[in-house]
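The structure under discussion appears below in the form of structure tokens.
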Amino acid sequence: MLTARIKVIHVGYFITFEGVEGCGKTTQIKLLSEFLSTRGILSVLTREPGGCPIADKIRTILLDAENQALSPLAELMLYAAARAQHITEVISPALSAGKIVLCDRFCDATVAYQSFGRGIDRTIIDSLNFHACQGRTPDLTILVDCDPRVGLERARRRIEATSGPREERFELEALAFHQRVRDGYLQLAADDPNRFLIIDGSETIEEIFASITTQVDSRIPESLRAVC
Ligand code: TMP
């Protein structure tokens with residue numbers, strides 16, 4: 001695989017969260033960040049697309065429901081551009097400084113959404129991810145698996161309740177699209193079982209959180225527990 005050739009040895013620990021719309025990953029990543037901080041472990045909580053001012057501007061374009069005309073290839077390249085900036089400004093410096101990075105979505109989202117969802121050739125996506133990631137690959141990816149019908153219902157309720165910009169370009173996609181995305185994530189997890197942890201998103205927030213903390217606790221390198 002392309003990324004394997006330039007894997008950068010980092011001293012921090014890189015955890016990504018993935019899943020379909022409304023799976024509950026954003027709630028869980030925030031809980032994990034709070035959990036780590038109560039243990040005195042420093043972590044950087046960030047997200048994609050976004051995570052720094054330039055990438056946040058790209059996020060606005062990507063999620064604006066008015067941009068229905070955005071072509072799949074332009075969409076893919078905007079995700080890659082946002083990622084390249086985010087890695088350079090936020091993720092790489094934090095990992096090099098020995099921090100734990102918690103990122104809400106990362107390169108697996110591009111494979112699941114733009115390849116399995118949109119149907120773009122996987123080799124194009126792997127190549128763009130390879131360049132954008134600059135050798136940074138997650139140590140652990142937590143996939144919060146959820147039936148897209150349940151997730152979409154939750155996501156739509158959240159959007160209705162929000163007063164900010166309606167970031168709903170993907171929520172407006174058909175159920176079949178989200179089903180392909182879920183299948184894509186499960187395929188990625190099956191291909192890389194050492195990196196992926198699949199969590200059942202139909203469990204309660206407390207049950208999911210308990211599974212995640214147990215797993216994360218057992219995987220974080222001892223050297224990072226002392227970084228307070
Ligand atoms: P969020 O709703 O989890 O903040 O993610 C924003 C949306 O962007 C979500 O619908 C998934 C989508 N997305 C992609 O299509 N490709 C990507 O590479 C990433 C990071 C997100």
Side-chain angles (χ1 to χ4, degrees), residues 1-10 14-21 23 25 46-52 54-55 57-59 61-64 67-92 95 101 103-146 148 151 169-198:
M1 207 169 111
L2 277 173
T3 42
R5 278 196 281 131
I6 58 156
K7 183 162 172 41
V8 174
I9 306 298
H10 48 246
F14 188 15
I15 306 178
T16 58
F17 276 64
E18 299 281 359
V20 297
E21 315 300 321
C23 65
K25 65 182 170 44
T46 188
R47 68 170 180 184
E48 289 206 350
C52 57
I54 293 172
K57 286 186 187 166
I58 300 175
R59 177 184 176 95
I61 299 171
L62 280 164
L63 303 190
D64 185 345
N67 290 338
Q68 292 298 325
L70 191 61
S71 82
L73 206 52
E75 175 185 279
L76 168 66
M77 290 178 177
L78 285 172
Y79 277 112
R83 180 160 305 133
Q85 189 66 30
H86 185 215
I87 289 270
T88 304
E89 267 192 59
V90 179
I91 295 179
S92 265
L95 291 173
V101 174
C103 189
D104 190 343
R105 297 198 188 279
F106 192 59
C107 54
D108 297 302
T110 318
V111 179
Y113 280 80
Q114 278 64 53
S115 182
F116 285 86
R118 298 270 188 244
I120 298 177
D121 189 328
R122 177 75 185 268
T123 54
I124 300 174
I125 290 171
D126 286 347
S127 167
L128 278 173
N129 267 342
F130 170 77
H131 291 288
C133 291
Q134 299 162 50
R136 299 295 188 181
T137 53
D139 297 297
L140 170 65
T141 296
I142 297 172
L143 172 58
V144 183
D145 180 48
C146 164
R169 198 167 63 85
F170 282 88
E171 283 76 1
L172 297 174
E173 289 288 341
L175 181 61
F177 172 86
H178 294 283
Q179 191 59 57
R180 289 198 298 278
V181 171
R182 182 196 197 185
D183 294 344
Y185 273 130
L186 290 173
Q187 183 64 58
L188 283 167
D191 291 346
D192 198 351
N194 289 334
R195 172 165 68 90
F196 272 87
L197 171 66
I198 304 179

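This structure is a prediction, so every number in the text was calculated from the model and none was measured. Just so you know, residue 1 is the first one in the sequence shown, and it goes up from there.
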Do Asp108 and Leu143 pass the side chain to side chain contact (heavy atoms under 4.5 Å, CB included) test, and can you show the C-alpha distance, the side-chain angles, and the key distance before you say yes or no? CA-CA 10 Å; Asp108 297 302; Leu143 172 58; over 6 Å; no
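- Ion pairing between a basic and an acidic side chain is recognised when a charged N comes within 4.0 Å of a carboxylate O; Arg169 and Glu75 show such pairing.
- Considering every non-hydrogen atom in both Cys52 and Val90, the closest pair reads CB-CG2, 4.0 Å.
- No donor-acceptor pair closer than 3.5 Å links the side chain of Gln179 to the backbone N or O of Phe177.
- The minimum heavy-atom distance linking Cys103 with Ile91 is given by the pair SG-CD1, 4.3 Å.
- Side-chain atoms of Arg195 and Thr137 form no donor-acceptor pair, as typed in the model, at a separation below 3.5 Å.
- Phe14 is linked by a ring pair (Phe, Tyr, Trp, His ring centres under 6.0 Å) to Phe106, counting only residues two or more places apart in sequence or in another chain.
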Would Leu188 and Glu18 satisfy side chain to side chain contact (heavy atoms under 4.5 Å, CB included), going step by step from the backbone distance to the final call? CA-CA 11 Å; Leu188 283 167; Glu18 299 281 359; over 6 Å; no
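- The two residues Ala55 and Ala82 come nearest to each other via the heavy atoms CB-O, 3.7 Å.
- Shown here for Arg180 and Gly117, the closest heavy-atom pair between the two residues is NH2-O, 2.8 Å.
- Here Ile124 contributes atom CD1 and Thr110 contributes atom OG1; the two are 13.5 Å apart, rounded to the nearest 0.5 Å.
- For the pair Pro148 and Leu175, the tightest heavy-atom approach, listed with the atom from each and the gap, is CB-CD1, 3.9 Å.
- Taken to the nearest 0.5 Å, the CD1 atom of Ile142 stands 11.0 Å off from the CG atom of Asp104.
- For the pairing with His86, the side-chain hydrogen bond (donor to acceptor under 3.5 Å, both in side chains) check across Arg59, Arg47, Glu48 returns one residue only, Glu48.
- Side-chain contact check for Arg83 versus Cys133: some heavy-atom pair is nearer than 4.5 Å.
- Side chain of Asn67 to main chain of Ile61: a donor-acceptor pair is present (N/O by atom type, distance under 3.5 Å, no hydrogens or angles).
- For Leu62 against Pro49, the heavy-atom pair with the smallest separation is CD1-CB, 4.1 Å.
- Side-chain atoms of Gln187 and Asp183 form no donor-acceptor pair, as typed in the model, at a separation below 3.5 Å.
- Separating the CG atom in Asp191 from the CZ atom in Phe196 is a distance of 9.0 Å, to the nearest 0.5 Å.
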Please walk me through it: do Asp145 and Tyr185 pass side chain to side chain contact (heavy atoms under 4.5 Å, CB included)? CA-CA 8 Å; Asp145 180 48; Tyr185 273 130; over 6 Å; no
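- With Tyr113 as reference, Arg105 is the one residue of Arg118, His178, Arg105 to meet the side-chain hydrogen bond (donor to acceptor under 3.5 Å, both in side chains) rule.
- Taken from CD in Gln134 to CD1 in Ile87, the straight-line distance is 6.0 Å, to the nearest 0.5 Å.
- How far CG of Leu128 is from OG1 of Thr123: 10.0 Å, rounded to the nearest 0.5 Å.
- Here Gln68 contributes atom CD and Leu70 contributes atom CG; the two are 9.5 Å apart, rounded to the nearest 0.5 Å.
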